[in-house]
Novice: 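Take this structure, written in C-alpha cells, and hold onto it; I'll ask about it next.
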Amino acid sequence: MKRRKIVDWVFSGGAYCAVAVMVAFLVLVIGPVFVKGVGAYVFRGTVENRRMMLEQFGRGDSVAVLAEWAEVRRARQPVYDALRAFEREMDEMPSARRKELRAAFKEVKEGVAELLGPEPGTPLPALTRRIYGQTRWDRAKVKRAHILFEEQWDYSGGDGVRVLVPRAPMFEGTALALVFAVLEKDLEGLLRPRLRFYPQFLTDRSIDAHFFGGIGAEVAGTVYLALGAMLIAVPFGIVAAVYFQEYARGGPVLSFLRSCVNTLAGVPSVVFGLFGLAFFINTMHVSRGKSVLAGALTLALLVLPTVIRASEEAIAAVPRTYKEAALSLGAGQWRTILTVILPAALPGILTGIVISMGRAAGETAPIIFTAAVSVGPLVGLGDVLSHPTPALSWNLYNMCTEHEAADEIRHVQYGMALTLVMIVLALNLAAIFLRARVTRRLKG
Amino acid sequence: MRFAREQIVLTAGERRRRRAAAWAGRAVLFAVTSVAALAVLAIIFFIARDALPFFRQCGVVRFFASNAWYPTHEPPQFGALAIFCGSLIVTVTAVVIAVPPGILAAVCMSDLLPFGARQVLKPTIEMLAAIPSVVYGFFALVVLAPLMQDRLGVSSGVNALTASVILAVMALPTIVSVSEDALQASGRELREGSYAVGATRAETLVRVVIPASVSGIFSAVLLGVMRALGETMVVWMASGNAAQIPKPFFNLFAPVRTLTATIAGDMGEADQMTGSAHYHVLFAMGLSLLFFSFLCNVAGEWIVARQRRRMRGG
C-alpha cells in the first residue's frame, strides 16, 4: 500500500517537473534574447555615438554635440601625445628592448584607434566603422580590456587556460604608462557614456554592414514577405475551406484532396525553398533571380495548410442553426455562405491567418533561395515584384555566422532576434485574444 | 393570382440559369481547392524532375552507400551516407530527449493541473512553438555552444548533442500539445472507472489512460519526428556541419551534417550552379526528405484510421 502511494507521488512529481522544465526552457531561451535584445534599443551611448548620429543621420543638437566633442578632444589629447612621445622614445631604445616592446605597442596603438577613433587631423579611414570610436559603452569597456591586458594561454595544466596579463608593467617608466593610467581611471571622461534610447533602431538603415544604424531594411523585408504570403494564401485557403466544409460530399476525390493538404503540411520547410527555386524562379520566371514575390509565393504554399485547417475549424464551429435559419428564410447556398457563415466564422479565420502570418515572418529556409539577400538597401513597395530583400530571419543567421566581425555586433544580432520574436509573439498574442473572444461569443 | 405565381415559381429558363450558376460556382470552388491541394503534387514533381539528372549521372547506389562527400573536388563525389546518418542521429536523439518529458508534461496538464493553470499553460506552450527556428539556432550558437565548450570541456560546442537538445526543445510543444489533446479525448468515464476499482492516480494514468490514448500519443511523436527531421536553421547553425559518421556512432559530441543543413548551405550560390551535378544532388536530398516526411504522414494517417475503426467497433 505504502509503495503504491510513493509511486503515485513520484509519478505526479515527475509530471510537475516536466512542465516546470518546459517553462524553464522557455525562460532560458527567451530570457537572454529579451535582456540582451533590449540592449539594441536602450544602451549607454558614448560621445562617438552622438557624433555618428549627427553626421550620419542628422539627429541631435549639433551645437551641443560639437561643444562636447571639443571638450572630449581636449581630454584625449594627452593620450595621443603620449603615444607620439613613446614612438620617439622607442627610437632611442636599445634594439633588444625595442624589439620586445614593438609588437605590444602596435597592439596598444591600434586598440586606442579602435576605442577612441582615429586621431583628429590624420586622414579619415575609408570604412565608416573606423571613422568613429566605440559608440557603445559596453563595447568600449571590452576594447579597453584588450588594451590593458594581453590574452595568453596557459598550457601547463594540459588544457589551455586563458590568462589575462596586464600590459602596464611592461611599459613602466615610459611615456606610454600615462595611456594605461588614463584609460583605467578616466575612460568616462574620454567617451562620456550617457543612457540612450534608440527606438529608431527598428526603422533606421544600416551603415557599414550593421556596425551602426538599425534594421529598417530587414524589418521591411519581413513585413513584405509575411503580408505578401498571406495575401496569396488567404483567398485560396478560405475558398478551399468553404469547399471542404460546405460543398464536398465525400468520395475518393475528396479524401485524395484532403490527404494532399495533409501531406503539404508535412513538407519540410527547406523543400519549399527548393521548390520555390525550381518552380517559381527557374520554371515560371516570376522574376529574374530572387525576389520578394517569389519568396511570398513560396511562403504562401507553406502556410496554406494552416490557413485551410483554421478556416475549416472556424466554419465548422458556426452553429448549425445559423445555417438552417438562413436556408429557411429562402437564401440560397451562396448567399448563406457569404452573408451568414463566413461573417460568423470570420474571427476564427482571422485567428488562423494571424498565426500563419507569424509563421511566415519567422521562416528562414524557404526564403534563402527565393527572396533573401544578406546585404541590401530598403526595398521600395514598387520593387517587390523584382527585387530580393534582406529579412530579419535570414540576416540574423547571416550576421551571427558569416559576418566578418560577428563578435563586435552581437547587440545588433540580439536586437534582430528580439524584434523577430516580438513580431511573432505579438501576432500570437493577438490570435489568443481573438480566440478568447470567439469562444465567449459562441458560448452566449 | 397570376402575379403571385410568377413571384414564387420560377420559369423553366430562370431555373436552368440559376442551376447553371450554382454549378459554375461549385466548379470554381472545386478548381481553386484543387489548385491548393494539388500544389503538393507539383512540389513532388518539380523536386523529382531536378533530382533525376543527378541519379542518372551519378547513380543511386553511390549516393546512398558511400560517405565520400566531396562536392567541389574534381571529379566531385556525392556519397551522402554520412549526411543521412547525421540526420538520423540528430532526429533520433532529439526525439529520445523530447518524448519522455513531453508525455509527462502532457499527462500533468491534462490530469494533474487545475483547469485555470491549464488555460494559461496551453497558450504559453503554443507560444514556445511559434518562436522562429532561427532564434533557437541563434541561441544555440551564441549561448549554448560556448557554455558547453567552457563547462563540459567539449572541443567544439557545435555538435550533434547541441543540435539535438535544441531540436528537442522545439519538438516539445508539438508533442505536448497533441498528446494532451489525445489524453483529454480518452474521456472521463475511463478515469472514473479506474478510480472506482481502487487504482491510484499513477496506476490510472499509466495502466488505463495512456494505453487508451496511445495512438494519439504516437501521432504526437510522429509529428515531433517530422519537425526534427525537417528543421533546417537549428541544425545548420548548431550541428557543426562535418560530413562524417561519428566514431563511435553514438558519440554525440562529434559534429555532424544533416540533409536539411546541406541543402541550405550548399544552395547558397544557387544562381551560379543551376544545372550542375552539385545543384541536382541537393534536389535528390530534398526528394529523400519529402519521401521520409511522406512515410511519416502515411503512418500517422494509418494510425488515426485504425483508431477510428477500433472506436467504431467498440
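Each chain gets a letter, A, B and so on, in the order its sequence line appears, and its residues count up from 1. No hydrogens, no waters, no symmetry mates; every other heavy atom, side chains included, goes into these values. Keep in mind that this is a model prediction, so the values were computed, not measured.
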Novice: With a 4.5 Å heavy-atom cut-off, do B:F139 and A:L28 have their side chains touching?
Specialist: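 Of all side-chain heavy-atom pairs linking A:L28 with B:F139, at least one is under 4.5 Å.
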
Novice: Is any side-chain heavy atom of B:T124 closer than 4.5 Å to one of A:V23?
Specialist: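 Answer no - side chains too far apart.
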
Novice: So, do B:F294 and A:V267 sit near enough that their side-chain heavy atoms are less than 4.5 Å apart?
Specialist: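 Result no, sub-4.5 Å side-chain heavy-atom pair not found.
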
Novice: If you round to the nearest 0.5 Å, how far is SG of A:C260 from CG of B:L41?
Specialist: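 Rounded to the nearest 0.5 Å, the CG-SG separation comes out at 4.5 Å.
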
Novice: Nearest 0.5 Å, please: how far is CE in B:M237 from SG in A:C400?
Specialist: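 Reported value, rounded in 0.5 Å steps: 3.5 Å.
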
Novice: What's the shortest heavy-atom distance between A:L420 and B:V135, and which atoms?
Specialist: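 For A:L420 and B:V135, the tightest heavy-atom pair comes out as CD2-CG2, 4.1 Å.
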
Novice: Once rounded to the nearest 0.5 Å, what's the spacing between atom CG of B:L172 and atom CZ of A:F25?
Specialist: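 Atom-to-atom, B:L172:CG and A:F25:CZ are 7.0 Å apart.
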
Novice: Can you give me the closest heavy-atom contact between A:G266 and B:S293, atom names plus distance?
Specialist: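 So the minimum-distance heavy-atom pair works out to O-CB, 3.4 Å.
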
Novice: Hey, are the side chains of A:I368 and B:M267 touching, using non-hydrogen atoms and a 4.5 Å cut-off?
Specialist: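 Result no, sub-4.5 Å side-chain heavy-atom pair not found.
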
Novice: If you look at every heavy atom in A:A18 and B:A105, which pair is closest and at what distance?
Specialist: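 Taking A:A18 first and B:A105 second, the nearest heavy atoms are CB-N, 3.6 Å.
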
Novice: How far does OG1 of A:T263 sit from CD1 of B:I43, to the nearest 0.5 angstrom?
Specialist: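 Interatomic distance, A:T263 OG1 to B:I43 CD1, rounded to 0.5 Å: 10.0 Å.
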
Novice: Tabulate, in ascending numerical order, the residues of residues 24-36 of chain B having at least one heavy atom closer than 4.5 Å to a heavy atom of chain A, or enter 'none'.
Specialist: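 Under the 4.5 Å heavy-atom cut-off, B:G25, B:R26, B:L29, B:F30, B:V32, B:T33, B:S34, B:V35, B:A36 qualify.
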
Novice: May I ask you to check whether over 12 heavy atoms, not counting those of A:F256, lie within 6.0 Å of atom CZ?
Specialist: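 No, the 6.0 Å shell around CZ holds no more than 12 heavy atoms from other groups.
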
Novice: At their closest point, which heavy atom of B:A37 faces which heavy atom of A:V261, and how far apart are they?
Specialist: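 Closest approach of B:A37 to A:V261: CB-CG2, 4.0 Å.
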
Novice: For A:Y397 and B:F138, what are the C-alpha separation, side-chain angles and deciding distance, and is it a ring pair (Phe, Tyr, Trp, His ring centres under 6.0 Å)?
Specialist: CA-CA 7 Å; A:Y397 163 78; B:F138 175 67; over 10 Å; no

Novice: Of the non-hydrogen atoms in B:A39 and A:L301, which two are nearest, and what is the gap between them?
Specialist: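 Closest approach of B:A39 to A:L301, heavy atoms only: CB-CD2, 3.4 Å.
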
Novice: Quick one: CG on B:D50 to CG on A:L277, what's the gap to the nearest 0.5 Å?
Specialist: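 Result: 8.0 Å between the selected atoms.
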
Novice: Could you tell me whether the side chain of A:N428 and the main chain of B:M127 form a donor-acceptor pair under 3.5 Å?
Specialist: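 Checking the backbone N and O of B:M127 against the side chain of A:N428, no donor-acceptor pair under 3.5 Å is found.
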
Novice: Out of curiosity, A:Y16 OH to B:L104 CG, how far, rounded to the nearest 0.5 Å?
Specialist: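 Taking OH in A:Y16 and CG in B:L104, the distance rounds to 12.5 Å.
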
Novice: Could you report the tightest heavy-atom contact between A:V424 and B:A130, atom names first, then the distance?
Specialist: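 Shortest heavy-atom separation between A:V424 and B:A130 comes out as CG1-O, 3.2 Å.
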
